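Numbers restart at 1 for each chain; the letters A, B, ... are given by sequence-line order, proteins then strands. Quick caveat: nothing in here was measured; it's all calculated off a predicted structure.
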2 protein chains.
Amino acid sequence: MPKAPVTRNDVAEYAGVSTAVVSYVVNEGPRRVAPETRERVLEAIRVLGYRPNATARALRMGTTRTFGLITPDGGNPLFAELAKAIDKEASARGYVVLQTSADGDPVTEQAKIAELLIRQVSGLLLVAPTEDPDLTEVGIPVIAINRVLPSVSSVRPQYRAGARAGVKHLIEHGHRMIGLVIGGRGTGGRAPERELGWRDALRQAGLEDGPIARARFSRQGGYDAGRELLAATKRPTAIFASSDLQAVGVLRAIHESGLRVPDDIAVVAFDGTAETEYSWPPLTVVRQPLDRMAREAVSRLIDGEDAVQSLTYPTDLILRRSCGC
Amino acid sequence: MPKAPVTRNDVAEYAGVSTAVVSYVVNEGPRRVAPETRERVLEAIRVLGYRPNATARALRMGTTRTFGLITPDGGNPLFAELAKAIDKEASARGYVVLQTSADGDPVTEQAKIAELLIRQVSGLLLVAPTEDPDLTEVGIPVIAINRVLPSVSSVRPQYRAGARAGVKHLIEHGHRMIGLVIGGRGTGGRAPERELGWRDALRQAGLEDGPIARARFSRQGGYDAGRELLAATKRPTAIFASSDLQAVGVLRAIHESGLRVPDDIAVVAFDGTAETEYSWPPLTVVRQPLDRMAREAVSRLIDGEDAVQSLTYPTDLILRRSCGC
DNA sequence: TTGAAAGCGTTACCAG
DNA sequence: CTGGTAACGCTTTCAA
């Protein structure tokens with residue numbers, strides 16, 4: 001027997017006031033209420049165990065104070081960490097986030113967006129959306145993270161500069177043949193900016209391109225790519241991996257081949273999730289400023305800046321052992 | 001100028017029918033509607049771009065088809081994978097999950113529960129809740145995952161049997177001195193069942209207890225614990241880590257000390273997240289049946305089994321290289 | 001300082 | 001087979 005929920009009516013009755021007064025007390029406005037009355041209402045709320053019904057409030061107010069967050073894959077630590085940062089930021093500002101995963105599938109992604117929209121979310125955060133969904137007419141603020149979309153604002157790390165810095169560091173260690181592991185084969189998208197950054201650094205140093213292995217953004221993809229690079233005719237002495245997951249796979253490929261990191265091959269990765277601090281050896285990484293991106297994304301949704309902008313944030317180079325430091 | 005949302009009224013007007021009919025069409029019930037009328041309504045919906053308002057529906061129906069999920073830490077891969085499994089399961093059954101993280105803090109946890117309750121979630125999933133919140137009076141189904149609570153049903157792996165199997169495997173490899181890394185120091189709770197399982201296996205084989213290191217359930221905790229065990233007077237030849245995160249830390253501690261896995265020290269971990277397949281060496285793990293647990297937890301929430309039960313599920317022993325296989 | 005009442009978008013009952 | 005309409009719980013304007 002699921003006991004009927006206590007409504008604001010019950011509270012009003014118990015306290016001997018009107019429902020309006022209860023509302024004033026609960027919301028601390030928009031009208032003042034006499035201290036004594038206020039006490040009575042508070043008491044009634046306590047006694048009855050009243051909890052306001054946010055759906056009714058949302059219906060009336062037209063806003064749910066809820067954000068929808070769609071990631072391509074909740075199992076990817078990068079997205080998990082990003083989601084955590086967003087949740088934290090949103091919580092701090094009184095919002096709740098409806099988080100869901102699109103499983104890398106554009107049609108699932110579209111369906112999830114629709115699902116969130118009917119639930120009247122106050123804003124939408126799309127992490128690395130696979131396709132460009134039709135977003136001009138949704139009527140709520142939308143922001144893309146880690147990917148730029150034509151019709152909405154976006155927030156992402158300075159991929160190109162970050163990759164350049166990572167590769168440059170490898171060059172400073174004396175490497176002349178630096179391979180690249182990047183997206184492009186299978187699902188998982190590409191990463192043109194990181195590829196450009198890698199090339200920038202090589203050009204600046206007057207080096208020729210090292211071998212490129214294109215693979216999915218996964219540990220397995222990195223493993224395959226690593227094996228490919230190790231088998232290349234001109235085997236690189238260093239590898240720049242465009243994601244943590246791939247770097248971890250590369251590491252495994254290198255270990256299996258009996259080579260040593262960083263002595264035989266150095267590795268630097270892009271992303272910088274927690275996992276990289278405990279790989280063997282610990283990975284030198286170009287870290288995405290997740291907290292800052294999360295803060296900015298949430299701010300824009302709440303404060304409703306409506307000009308379409310694409311914002312980028314500087315990365316951090318974290319030196320650990322895999323580069324030879 | 002945020003264009004006014006199109007409501008069911010607009011659709012009714014456009015199609016020249018009443019709002020009730022629109023409702024029947026949208027919900028495919030509870031009344032039949034003439035095919036021709038139906039077509040007109042569908043057309044109107046298409047033309048106007050109508051999207052039903054789920055908050056109004058929730059208010060009317062008293063159910064949101066939304067679950068609240070609270071994990072202690074969204075950054076922990078185990079919980080991220082579990083959340084993913086739950087999201088997938090819930091999605092398949094037409095539910096959406098509001099996921100949020102309590103950051104290991106009981107008061108945050110309580111606040112998040114309240115936040116979800118006012119949003120009228122249809123059920124609550126609590127992953128490894130830190131405290132026993134007052135849950136008898138919430139009026140919606142609640143299920144605990146990976147921890148048993150007095151007042152609600154729970155779902156968890158067979159910790160004891162799983163740990164026993166993992167340690168037994170180590171014994172079969174010939175190890176006689178097997179250390180344990182487990183929770184208990186700092187935040188992060190304990191793990192009595194896993195400790196019991198470890199001891200069971202040792203007893204069964206007539207072995208004495210190896211050294212125990214208590215630490216937080218984190219990579220850092222495992223690292224510290226690993227160093228502690230390596231410095232022990234009777235250094236173990238094998239270590240059973242009660243979580244993946246700790247095992248990864250243990251691995252790092254071993255590598256730093258110059259020892260080899262599994263030759264000098266074997267390692268087996270409990271959990272079995274994706275990360276362990278790509279550690280070096282790949283970890284032999286006792287895998288939690290996350291998908292099954294997720295399915296069962298969601299089912300119970302939806303189907304509303306109200307007897308308080310604590311359900312356990314068998315683990316899988318995944319053999320990889322860290323045990324010596 | 002407080003009360004009454006309208007209305008948010010939806011569902012479902014009751015008439016027609 | 002379809003239309004009208006009350007009700008869900010809440011906020012807020014208007015009146016007292």
Side-chain angles (χ1 to χ4, degrees), chain A residues 2-42 44-45 48-66 117-122 139-140, chain B residues 2-42 44-45 48-66 117-122 139-140:
Chain A
K3 51 206 307 269
V6 175
T7 78
R8 201 209 32 188
N9 254 304
D10 303 324
V11 175
E13 193 170 336
Y14 185 96
V17 298
S18 80
T19 58
V21 175
V22 179
S23 190
Y24 301 151
V25 172
V26 170
N27 305 323
E28 298 180 339
R31 290 272 181 288
R32 282 183 50 83
V33 356
E36 185 212 345
T37 317
R38 181 187 153 77
E39 251 341 293
R40 275 219 314 287
V41 172
L42 255 18
I45 288 176
L48 300 177
Y50 168 70
R51 293 194 177 290
N53 180 326
T55 68
R57 176 173 226 269
L59 177 57
R60 176 64 225 243
M61 307 275 278
T63 172
T64 52
R65 290 184 81 82
T66 298
L117 286 179
I118 69 169
R119 280 177 160 82
Q120 312 299 113
V121 291
S122 309
I140 54 169
Chain B
K3 51 206 309 269
V6 11
T7 79
R8 202 207 33 180
N9 252 308
D10 303 325
V11 175
E13 192 170 338
Y14 186 97
V17 299
S18 81
T19 59
V21 176
V22 179
S23 188
Y24 301 151
V25 171
V26 170
N27 305 324
E28 300 179 339
R31 290 272 183 290
R32 282 185 50 83
V33 358
E36 186 211 345
T37 317
R38 181 185 152 76
E39 251 339 296
R40 274 215 319 285
V41 173
L42 255 18
I45 289 176
L48 301 176
Y50 166 71
R51 292 193 179 292
N53 181 329
T55 68
R57 176 171 226 269
L59 176 57
R60 178 63 229 241
M61 307 273 280
T63 173
T64 52
R65 291 184 81 81
T66 298
L117 286 179
I118 69 170
R119 282 178 160 82
Q120 313 298 114
V121 291
S122 311
I140 54 169

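Partners of Asn53(B) by side chain to side chain donor-acceptor pair (under 3.5 Å), not counting sequence neighbours, listed by chain and number: Thr55(B). Partners of Ser122(A) under the side chain to side chain contact (heavy atoms under 4.5 Å, CB included) rule, at least two apart in sequence or in another chain, are Thr63(A), Thr64(A), Phe67(A), Tyr95(A). Taking the salt bridge (Lys or Arg N to Asp or Glu O under 4.0 Å) definition, one finds that Arg57(B) meets it with nothing, sequence neighbours left out. Scanning for side chain to side chain contact (heavy atoms under 4.5 Å, CB included) contacts around Arg51(B) gives Ala114(A), Leu117(A), Ile118(A), with sequence neighbours left out.
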Check against side-chain contact (heavy atoms from CB on, under 4.5 Å), Thr66(A) and Arg119(A): CA-CA 9 Å; Thr66(A) 298; Arg119(A) 280 177 160 82; over 6 Å; no

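Going from atom CZ of Arg60(B) over to atom P of dC10(D) covers 16 Å, rounded to whole Å. In this structure, CG of Asn53(B) is placed 17 Å from P of dG9(D), rounded to the nearest angstrom. Straight-line distance from the CD atom of Gln120(B) to the C1' atom of dG9(C): 16 Å, rounded to whole Å. Here dA7(D) presents its P atom at 18 Å from CE of Met61(B), a figure rounded to the nearest Å. One atom, CG of Leu48(A), and another, C1' of dG9(D), lie 15 Å apart when rounded to the nearest Å. Taking atom CZ on Arg51(B) and atom P on dC8(C), their separation rounds to 21 Å, with Å as the unit. Rounded to a whole Å, the CG atom of Asn9(A) is 8 Å from the C1' atom of dG9(D). Put simply, CG on Leu59(B) is 7 Å from P on dG9(D), counting in whole angstrom units.
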Kindly give the atom pairs (protein nitrogen or oxygen, nucleotide nitrogen or oxygen) under 3.5 Å for nucleotides 1-5 of chain D.
from	atom 1	to	atom 2	distance (Å)
dT2(D)	OP1	Thr37(B)	OG1	2.3
dT2(D)	OP2	Ala34(B)	N	2.5
dG3(D)	OP2	Ser18(B)	N	3.0
dG3(D)	O6	Tyr24(B)	OH	3.4
dT5(D)	O4	Thr19(B)	OG1	3.3

Donor-acceptor pairs under 3.5 angstrom involving side-chain atoms of residues 9-26 of chain A: please list them, not counting sequence neighbours.
from	atom 1	to	atom 2	distance (Å)
Asp10(A)	OD2	Thr7(A)	N	2.9
Ser18(A)	OG	Ala20(A)	N	3.2
Ser23(A)	OG	Asn27(A)	ND2	3.3

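Across all strands, Ser23(A) comes closer than 4.0 Å to base atoms (heavy-atom distances).
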